[in-house]
**Student:** 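What follows is a structure written as structure tokens; I'll ask about it next.
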Amino acid sequence: MKGRTPKTFAMLLLASALAITAGCGTSGGKSAEEKPVDTGDTTTPITFTFFGADASPNWNNMKDAVGQEITKATGVTLEAEFDVNNGGDQKIPLMAASGDYPDIIYPKGNLSKLVDAGAMLDLTDLIEEHAPNLKKIYGDQMNRLKYSTEDQAIYTIPTNMGVGNVAFDATGGFEIQQKVLKELGYPEVKTLEDYENVLRTYYEKHPTIDGQPTIPLTLNADDWKIMITVTNPAFQATGAPDDGEYYIDPETYEAKLHYKRPEEKEYFRWLNKMYNEGLLDKDTFVQKDDQYKSKIASGRVLGLIDQEWNYGEAENALKSKNNGESTYAHFSVSLNKDIVDHTFQPTGFDGYGIGITTSAKDPVRIIKFMDWLASDEGQVLRYWGVENQHYKVENGKRIVPEDVQDRKINDNSAFTKESGVGMYNIFSARYGDGMKDSTDNYYTTNFPEQIQAGYTAAEKETLKAYGITTWKDFFPSEDKLKLKDWGAAYNMPVPSDTEYNVTFQKTQDIIRKRIPEAILAKPDQFDTLYDGLLAELDKAGAVEMEKQYTVWIKDRVSLWTGKDVK
């Protein structure tokens with residue numbers, strides 16, 4: 001692909017905004033003369049290579065029950081590699097430089113690097129001709145799969161989010177152990193001050209746990225995960241939605257680095273206070289991911305600010321040791337009571353996805369494999385497992401037997417590795433929570449009754465004490481928050497061959513160095529260091545970078561909504 005300047009990209013993006021329905025990009029895709037031939041074969045054994053930018057610690061090489069059923073139905077086995085800790089940020093640029101690709105890839109935030117290297121197949125015709133189930137699931141959302149208004153190829157099908165998804169539970173936020181809440185009489189936890197007081201009070205009463213020093217609060221700042229537990233919570237606690245590194249003005253669509261919001265400075269000042277008062281783990285900015293999880297698994301970490309997918313492995317270790325009292329409740333916590341948490345602000349359908357590379361020898365077979373996974377049979381298998389083994393049907397309703405549910409709660413890692421339940425969701429399109437199939441059953445096991453059945457005894461006790469049924473009840477409902485016209489900005493691919501990416505990386509390097517410095521400083525040094533951070537960002541080109549990002553956000557809004565926002 002030839003290089004695109006930001007100006008050219010923006011102009012072409014706007015010029016193509018109305019050409020959604022029939023356009024088919026060619027960049028990176030095979031030409032009509034090279035069009036894959038459909039052999040009609042869907043059962044002969046075949047192995048495809050796969051790379052996933054997210055970790056999958058329970059992957060069992062498809063030897064699990066669900067994997068074996070998938071292979072039996074499709075003939076496909078996946079030779080899979082998953083990135084452990086870098087989100088593909090190191091591996092994918094190397095692939096793009098070498099031209100050595102797996103057959104299938106889940107690139108997460110690095111799609112543009114592969115597109116610009118000509119590595120990705122355009123899936124438009126493959127879906128049209130060979131994937132009726134994918135077409136059914138995406139329906140009128142297909143335009144959101146297109147790469148851009150300039151390049152309307154479909155390079156990935158979104159798989160990290162289910163279509164029509166309704167969140168019934170909260171799995172992130174500010175966490176506190178069940179035992180802490182119980183001992184303190186289930187106190188109100190709505191502000192940073194509330195959260196801090198709970199951790200301090202329990203810590204002062206219990207300076208050690210099982211002979212080891214108690215840790216009131218620890219964060220995971222290892223590589224990119226610094227965003228998840230250190231920097232992203234700054235916008236959550238100050239009333240902004242998740243748009244990655246940016247805050248998008250909902251009226252003007254102007255983008256700026258979210259760190260520039262004055263209220264976020266106050267959030268980081270709070271972390272500085274926590275550190276200086278001995279409540280924030282002194283090793284926060286030097287510990288590795290496995291050390292972070294090991295501390296959680298020990299049961300001596302009272303509080304987290306994280307997402308379950310990031311620490312769930314450690315929490316499952318607690319459950320397997322019957323230490324449910326050391327698992328975590330999820331709270332919506334804000335800088336003050338006047339701030340409205342936007343965690344559940346609706347984005348519409350959006351998400352990272354999976355694609356087929358130009359190295360694939362049989363893309364038709366791959367798209368048919370993905371299409372089978374997207375069928376009702378495939379989705380039920382992925383979500384629920386094998387009938388009469390992981391679930392059964394009684395009076396027309398799918399239910400999870402008590403013994404299976406017990407293993408899902410208290411021995412989750414081993415159960416997942418053996419069963420494969422929930423482990424194949426990223427491999428194809430799917431409906432989200434709250435969607436029902438033709439039998440009037442939910443596609444997923446994440447619906448209110450099943451979620452509540454899946455809580456540990458300690459969690460149920462905490463929820464009952466607070467008079468709620470799920471952790472989401474602590475958070476403002478999406479019904480009270482306006483739909484974001486641009487979706488989730490962190491999912492938006494941007495060209496990799498522009499100065500934007502160079503500047504963005506410079507700002508990331510500054511943020512990942514200066515934010516920890518400000519948090520670890522003496523209180524009287526905090527303002528000087530934080531203000532220096534903002535000045536350094538602008539000196540590195542942040543203002544021009546923000547202007548370019550604003551153009552791309554506006555182009556996306558125009559494409560998705562038809563609004564003239566220029």
Side-chain angles (χ1 to χ4, degrees), residues 13 53-54 87-88 106-112 138 141-149 154-167 170-173 224-225 227-228 231-259 261 307-310 340-354 425-426 429-434 472 475-479 481-494 500 504 508 546 549-561 563 565:
L13 209 60
D54 277 335
Y106 176 78
K108 206 170 179 182
N110 286 288
L111 174 61
S112 60
Y138 291 123
Q141 306 271 4
M142 288 293 288
N143 70 306
R144 291 192 174 210
L145 276 60
K146 297 180 184 297
Y147 186 66
S148 69
T149 45
I154 297 174
Y155 294 118
T156 60
I157 54 171
T159 61
N160 77 317
M161 184 181 200
V163 175
N165 188 72
V166 176
T171 57
W224 64 273
K225 290 187 176 180
M227 293 188 292
I228 309 304
T231 60
N232 285 5
F235 57 68
Q236 178 189 342
T238 55
D242 188 354
D243 281 307
E245 291 297 274
Y246 291 93
Y247 171 73
I248 313 297
D249 187 300
E251 302 301 326
T252 66
Y253 305 111
E254 298 292 325
K256 67 179 179 182
L257 290 171
H258 67 79
Y259 308 90
R261 299 170 64 234
Q307 303 292 319
E308 273 186 13
W309 57 260
N310 194 27
V340 177
D341 188 323
H342 278 58
T343 293
F344 289 102
Q345 182 169 12
T347 62
F349 178 66
D350 195 7
Y352 294 127
I354 193 170
N425 289 337
I426 68 163
R430 55 201 170 93
Y431 288 113
D433 299 344
K472 190 184 177 186
F475 293 71
S477 169
E478 61 266 38
D479 296 338
L481 302 169
K482 182 182 177 183
L483 175 71
K484 290 199 294 180
D485 292 334
W486 59 92
Y490 58 81
N491 283 328
M492 183 176 71
V494 301
Y500 169 87
F504 181 78
Q508 286 294 288
E546 292 163 341
Y549 202 76
T550 297
V551 170
W552 291 332
I553 287 290
K554 289 182 176 181
D555 288 332
R556 180 180 250 208
V557 172
S558 295
L559 172 63
W560 285 10
T561 69
K563 292 180 180 179
V565 295

**Student:** Got a sec, which residues hit salt bridge (Lys or Arg N to Asp or Glu O under 4.0 Å) with Glu546, two or more places apart in sequence or on another chain?
**Tutor:**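 Once residues adjacent in sequence are excluded, the partners of Glu546 under the salt bridge (Lys or Arg N to Asp or Glu O under 4.0 Å) criterion are Lys260.
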**Student:** Please confirm whether the backbone N or O of Asn165 pairs with a side-chain atom of Asp433, one donor and one acceptor, at under 3.5 Å?
**Tutor:**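 Judged by distance alone, no pair lies under 3.5 Å.
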**Student:** Looking at CD1 of Ile354 and CD1 of Ile157, how far apart are the two atoms once the value is rounded to the nearest 0.5 Å?
**Tutor:**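 So the gap between those two atoms works out to 6.5 Å.
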**Student:** Between the side chain of Arg261 and the main-chain N/O of Thr238, is any donor-acceptor distance below 3.5 Å?
**Tutor:**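 Yes; judged by distance alone, with no hydrogens or angles, the pair exists.
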**Student:** Look at the aromatic rings of His258 and Phe235 and report parallel, tilted or perpendicular, splitting at 30° and 60°.
**Tutor:**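 Because their plane-to-plane angle is over 60°, the rings of His258 and Phe235 count as perpendicular.
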**Student:** Parallel, tilted or perpendicular: which one describes the rings of Trp552 and Tyr549, with boundaries at 30° and 60°?
**Tutor:**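 Rings of Trp552 and Tyr549: perpendicular, over 60°.
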**Student:** Looking at every non-hydrogen atom in both residues, tell me the closest pair between Thr347 and Arg144 and how far apart they are.
**Tutor:**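 Shortest heavy-atom separation between Thr347 and Arg144 comes out as O-NH1, 3.5 Å.
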**Student:** Say whether, by atom type as modelled, one donor and one acceptor occur between the side chain of Thr171 and the main chain of Gln307 under 3.5 angstrom.
**Tutor:**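 Such a contact is absent between Thr171 side chain and Gln307 backbone.
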**Student:** Could you tell me whether the side chains of Tyr253 and Asp485 share a donor-acceptor contact shorter than 3.5 Å?
**Tutor:**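 The criterion, which ignores hydrogens and geometry beyond distance, is satisfied for Asp485 and Tyr253.
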**Student:** Starting from the C-alpha separation in whole Å, work towards a yes-or-no answer on side chain to side chain contact (heavy atoms under 4.5 Å, CB included) for Leu481 and Val340.
**Tutor:** CA-CA 9 Å; Leu481 302 169; Val340 177; 4.2 Å; yes
**Student:** A side-chain contact here means heavy atoms from C-beta on lying under 4.5 Å apart; do Thr159 and Tyr352 qualify?
**Tutor:**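 The answer is no; the side chains never approach within 4.5 Å.
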**Student:** Which pair of heavy atoms, one from Ala488 and one from Arg556, lies closest together, and at what distance?
**Tutor:**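 Looking at all heavy atoms of both residues, the closest pair is O-NH1, 3.7 Å.
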**Student:** Under a plain distance cut-off of 3.5 Å, with no hydrogens placed, do Asp54 and Trp309 share a side-chain donor-acceptor pair?
**Tutor:**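 The criterion, which ignores hydrogens and geometry beyond distance, is not satisfied for Asp54 and Trp309.
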**Student:** Under 4.5 Å between any side-chain heavy atoms of Asp243 and Trp486, yes or no?
**Tutor:**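 When only atoms from C-beta onward are counted, Trp486 and Asp243 do touch, with a gap below 4.5 Å.
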**Student:** Check whether any side-chain N or O of His342 sits under 3.5 Å from a backbone N or O of Gly239 as a donor-acceptor pair, and report yes or no.
**Tutor:**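 Between the backbone of Gly239 and the side chain of His342 there is a qualifying donor-acceptor contact (under 3.5 Å).
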**Student:** Check for a donor-acceptor pair, side chain of Ser112 on one end and backbone N or O of Val494 on the other, with a separation under 3.5 Å.
**Tutor:**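 Such a contact is found between Ser112 side chain and Val494 backbone.
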**Student:** Could you tell me which non-hydrogen atom of Leu145 sits nearest to which non-hydrogen atom of Pro158, and how far apart they are?
**Tutor:**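 So the two residues come closest at CG-CD, 3.5 Å.
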**Student:** Taking the basic N atoms (NZ, or NE/NH1/NH2) and the acidic carboxylate oxygens, is any pair closer than 4.0 Å for Asp350 and Lys484?
**Tutor:**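 Salt bridge: no.
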**Student:** Can you tell me how far CZ of Phe344 sits from CG of Asp479, rounded to the nearest 0.5 angstrom?
**Tutor:**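 So the gap between those two atoms works out to 12.0 Å.
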**Student:** Listed by chain and number, what are the salt bridge (Lys or Arg N to Asp or Glu O under 4.0 Å) partners of Glu478, not counting sequence neighbours?
**Tutor:**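 Listed in chain order: Lys472.
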**Student:** Would you compute the distance between atom NZ of Lys108 and atom OH of Tyr490 and round it to the nearest 0.5 angstrom?
**Tutor:**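 Atom-to-atom, Lys108:NZ and Tyr490:OH are 9.5 Å apart.
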**Student:** Which class fits the ring pair Tyr147 and Tyr155: parallel under 30°, tilted 30 to 60°, perpendicular over 60°?
**Tutor:**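 Aromatic pair Tyr147/Tyr155 classed perpendicular.
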**Student:** At their closest point, which heavy atom of Tyr138 faces which heavy atom of Ala429, and how far apart are they?
**Tutor:**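 So the two residues come closest at OH-CB, 3.1 Å.
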**Student:** Could you go through Gln236 and Asp242, starting from their C-alpha distance and side-chain angles, then the distance that decides it, and tell me whether this counts as side chain to side chain contact (heavy atoms under 4.5 Å, CB included)?
**Tutor:** CA-CA 7 Å; Gln236 178 189 342; Asp242 188 354; over 6 Å; no
**Student:** Just by modelled atom types, is the Glu254 backbone N or O under 3.5 Å from a matching donor or acceptor in the Asp249 side chain?
**Tutor:**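 No; zero donor-acceptor contacts below 3.5 Å.
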**Student:** Between Thr231 and Glu245, which heavy-atom pair has the shortest distance, and what is it?
**Tutor:**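 Looking at all heavy atoms of both residues, the shortest contact is OG1-OE2, 4.4 Å.
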**Student:** Of the non-hydrogen atoms in Ile228 and Pro233, which two are nearest, and what is the gap between them?
**Tutor:**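 Smallest heavy-atom distance, with atoms named: O-CD, 3.5 Å.
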